[in-house]
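Data first, discussion second: the structure below is written as structure tokens.
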Number of protein chains: 2
Amino acid sequence: MDDDAVFKALADPSRRLLLDLLFERDGRTLTELDAELEMTRFGVMKHLKVLEEAGLVVARKQGREKLHFLNAVPIRQIHDRWIDKYTEHRVSALLDLKNELEETA
Amino acid sequence: MDDDAVFKALADPSRRLLLDLLFERDGRTLTELDAELEMTRFGVMKHLKVLEEAGLVVARKQGREKLHFLNAVPIRQIHDRWIDKYTEHRVSALLDLKNELEETA
DNA sequence: AGAATAGGTGACCAAATGGTCACCTGTCAA
DNA sequence: TTGACAGGTGACCATTTGGTCACCTATTCT
């Protein structure tokens with residue numbers, strides 16, 4: 001939905017690290033994630049909150065633990081709606097090459 | 001080179017707008033770009049500086065004017081090195097579908 | 001030469017950001 | 001049932017960020 005929130009969420013290296021960790025293995029708990037960052041639990045909580053609000057992380061509570069899951073959909077969205085536009089030149093470069101070859105042949 | 005600078009540069013909507021403007025038409029001057037944003041010249045200068053430092057904009061000085069050009073390479077880099085990893089699931093989803101259809105047939 | 005034009009610098013400011021801590025609640029296990 | 005454990009809240013703080021302004025330099029036009 002909100003592209004800006006996603007871009008802002010991705011702008012911090014700690015948050016990208018959290019996404020990488022969740023990509024590697026989903027459903028981790030806060031303290032589990034905390035163990036991987038050089039930061040107190042509170043800092044990690046704040047980052048996870050930002051990620052949740054951007055829709056990049058979805059969390060489910062189980063007993064006294066909170067399990068965190070990666071949701072890649074918003075990344076795909078900014079990819080399709082924004083980034084792709086800047087990267088598709090490569091494709092047209094290939095098409096140009098194809099056309100050129102066909103004309104030569 | 002520096003992924004973090006690129007992500008940070010992309011995190012601001014004014015800067016993304018600047019990139020969109022340059023995507024539309026390259027080689028614009030500062031005052032030309034300034035005219036499109038609701039901000040003073042100085043604000044735009046700062047944003048352009050951030051974009052330059054991230055390598056997303058390259059500028060050439062011509063007389064008393066400064067011409068700004070878009071460089072999409074860093075966007076492609078974060079795409080290939082980071083974003084693609086989260087979006088390629090779609091490809092495997094398509095492959096799964098393909099396999100499923102082949103098995104059914 | 002003199003005025004207008006395009007851009008640059010450094011100081012400054014308010015608001016957002018990244019992080020810690022004291023303290024509190026709910027849940028599990030001995 | 002009592003202690004340990006997982007998580008949450010609000011206050012607080014330093015730094016960064018997004019933006020303006022006064023003033024300055026270099027180039028162009030008449």
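The sequence lines fix the lettering, A, B, ..., with proteins before strands; numbering per chain opens at 1. When reading the values below, keep in mind they use all heavy atoms of this one structure, side chains included, and skip hydrogens, waters and symmetry mates.
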Rounded to the nearest 0.5 Å, how far apart are CD1 of I83(B) and CG of D84(A)? 10.5 Å
Send over the distance from Q62(A) CD to dG7(D) C1', rounded to a whole Å. 14 Å
Check the distance between dA6(C)'s P and R60(B)'s CZ and give it to me in whole angstrom. 18 Å
Find which nucleotide of DNA chain D each of G63(B) and K66(A) is nearest to by heavy atoms, and output the residue with the more 5' nucleotide. K66(A)
Within this structure, what is the CG-to-C1' distance between L30(A) and dT27(C), rounded to whole angstrom? 15 Å
Under a 4.0 Å heavy-atom criterion, the protein footprint on nucleotides 11-24 of chain C, written with B, S and -, is -------SBBBB--
With E38(B) via salt bridge (charged side-chain N to carboxylate O under 4.0 Å, His left out) - residues at least two apart: none
Which label fits H79(A) and H79(B): parallel for a plane angle under 30°, tilted from 30 to 60°, or perpendicular past 60°? parallel
Give the rounded distance in Å between these two atoms: NZ of K61(A) and C1' of dG7(D). 6 Å
Distance, rounded to the nearest Å, where D4(B) contributes CG and dT17(D) contributes C1': 14 Å
Yes or no on side chain to side chain contact (heavy atoms under 4.5 Å, CB included) for M39(B) and K46(B), after CA distance, side-chain angles and deciding distance? CA-CA 11 Å; M39(B) 196 184 302; K46(B) 280 203 178 178; over 6 Å; no
Just to confirm, is there a sub-4.0 Å distance from OP1 or OP2 of dA6(D) to any side-chain nitrogen or oxygen of T29(A)? no
Between CG on residue D3(B) and NZ on residue K8(B), distance to nearest 0.5 Å: 11.5 Å
Please check this pair: side chain of R15(B) against backbone of A9(B), looking for a donor-acceptor N/O pair closer than 3.5 Å. yes
Grab the CG-C1' distance between L48(B) and dG7(C) for me, whole Å please. 12 Å
Which atoms form the tightest heavy-atom contact between S14(B) and D12(B), and what is the distance? N-OD1, 2.8 Å
Using the side-chain heavy atoms of M45(A), tell me which of these nucleotides is nearest: dT27(C), dT9(D), dG7(C). dT9(D)
Let me know the distance between CD of E32(A) and C1' of dC5(D), rounded to the nearest Å. 14 Å
Provide, to the nearest angstrom, the distance between the CZ atom belonging to R64(A) and the P atom belonging to dG3(D). 16 Å
